[in-house]
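All values below come from the heavy atoms of this structure, side chains included, with hydrogens, waters and symmetry mates left out.
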Amino acid sequence: MSSTEELLKRLGVTIDAGTLRLALTHRSYAYENGGIPTNERLEFLGDSILGFSVTDALYRDNPDLPEGELAKRRSAVVSTRALAGIGRSLGIGEFIYLGQGEKLTHGKNKASILADTMEALIGATYVSNDIETARQLVMRLVGPLLKDAAVLGAGTDWKTSIQELAASRQLGSIHYAVDGSGPDHARTFTAVLNIGGTAYGKGSGHSKKEAEQEAAADAWRVLSGAETRNAAGTSAGSVTAK
């Protein structure tokens with residue numbers, strides 16, 4: 001099985017060879033190869049299809065939710081972080097055409113590149129097939145996230161979400177302890193979020209910002225879980241980082 005066949009198998013769609021290659025062509029590769037077309041137009045198209053498909057599903061499946069809550073849930077599941085997570089789970093990074101500079105800085109695992117490529121692949125699915133095929137792809141990709149949207153907090157900015165939550169409960173000051181490891185071209189950062197001197201969340205990423213966001217998201221889920229257990233009449237006890 002060729003690499004492109006493997007990718008299409010993971011996606012569960014058919015895309016013609018030329019359109020697929022275009023969807024996987026990052027601008028860094030295009031620049032180093034004479035300014036060939038990039039995946040940015042397909043990304044633009046896929047972003048619109050993604051947004052509409054998710055909005056339609058949320059509207060139909062949640063008739064009692066107000067507009068503000070629907071918007072928060074949509075933001076959570078179409079965010080760069082969410083799309084990058086989907087891309088990593090599918091191993092999309094190994095198929096992207098990257099320039100040498102991006103290869104040296106581990107571009108195949110960068111959240112922004114993975115998210116943009118996922119949108120381009122959605123756009124490519126539409127171009128090679130039809131809107132319904134593209135919509136079905138979107139729902140396969142983000143369906144599990146839509147089911148979890150109620151526990152995704154305020155969406156994309158986890159650091160703000162956890163700051164507001166900690167303040168509302170008067171838990172104390174927030175501090176991120178961040179450590180980096182590995183060579184400069186493939187550095188990995190780990191962050192531990194401490195609130196009032198207690199560790200509540202841990203995250204990692206290829207930038208300090210990404211690691212801190214992951215730690216904040218982890219802490220938000222821990223604290224929300226504690227709230228749920230308390231509401232059910234059980235003792236949450238102390239919460240520590242995983």
Is [Y] reachable from [X] through a run of hydrophobic residues whose side-chain heavy atoms are each under 4.5 Å from the next?
| X | Y | answer |
| --- | --- | --- |
| Met139 | Leu70 | yes |
| Leu20 | Ile36 | yes |
| Leu45 | Ile131 | yes |

Between [Y] and [X], is the closest basic N to carboxylate O distance under 4.0 Å?
| X | Y | result |
| --- | --- | --- |
| Lys110 | Glu210 | no |
| Lys209 | Glu212 | no |
| Arg73 | Glu69 | yes |

Answer yes if the side chains of Asp179 and Thr190 hold a donor-acceptor pair under 3.5 Å, and no otherwise. no
How long is the span from the [atom1] atom in [X] to the [atom2] atom in [Y], to the nearest 0.5 Å?
| X | Y | atom1 | atom2 | result |
| --- | --- | --- | --- | --- |
| Ile49 | Thr133 | CD1 | OG1 | 10.5 Å |
| Lys108 | Phe95 | NZ | CZ | 11.0 Å |
| Leu11 | Glu6 | CG | CD | 10.0 Å |
| Asn39 | Leu121 | CG | CG | 8.5 Å |
| Ser3 | Leu7 | OG | CG | 8.0 Å |
| Thr117 | Leu42 | OG1 | CG | 11.0 Å |

Of the non-hydrogen atoms in [X] and [Y], which two are nearest, and what is the gap between them?
| X | Y | answer |
| --- | --- | --- |
| Leu193 | Ala219 | CD2-CB, 3.5 Å |
| Leu24 | Ile96 | O-CG2, 3.5 Å |
| Ser128 | Ile15 | OG-CG2, 3.5 Å |
| Ile122 | Ala134 | O-CB, 4.0 Å |
| Pro37 | Ala30 | O-CB, 4.2 Å |
| Glu102 | Ser28 | CG-OG, 3.5 Å |

Crowded around [X] [atom1]? As in, over 12 foreign heavy atoms under 6.0 Å?
| X | atom1 | result |
| --- | --- | --- |
| Glu94 | CD | yes |
| Gln170 | CD | no |
| Arg41 | CZ | no |

Determine, step by step, whether Leu50 and Val142 satisfy the side chain to side chain contact (heavy atoms under 4.5 Å, CB included) criterion, reporting the C-alpha distance in whole Å, the side-chain angles of both residues, the deciding distance to 0.1 Å, and the verdict. CA-CA 9 Å; Leu50 171 67; Val142 307; 4.2 Å; yes
Could you tell me whether the side chain of [Y] reaches within less than 4.5 Å of the side chain of [X], counting heavy atoms only?
| X | Y | answer |
| --- | --- | --- |
| Ile195 | Ile162 | yes |
| Leu223 | Arg169 | yes |
| Arg21 | Tyr97 | yes |
| Gln163 | Lys159 | no |

Give a yes or no answer on whether the side chain of [X] reaches the backbone of [Y] with a donor-acceptor pair at less than 3.5 Å.
| X | Y | result |
| --- | --- | --- |
| Arg81 | Gln213 | no |
| Ser89 | Ile86 | yes |
| Asn129 | Thr14 | yes |
| Asn62 | Leu58 | yes |
| Arg10 | Leu90 | yes |

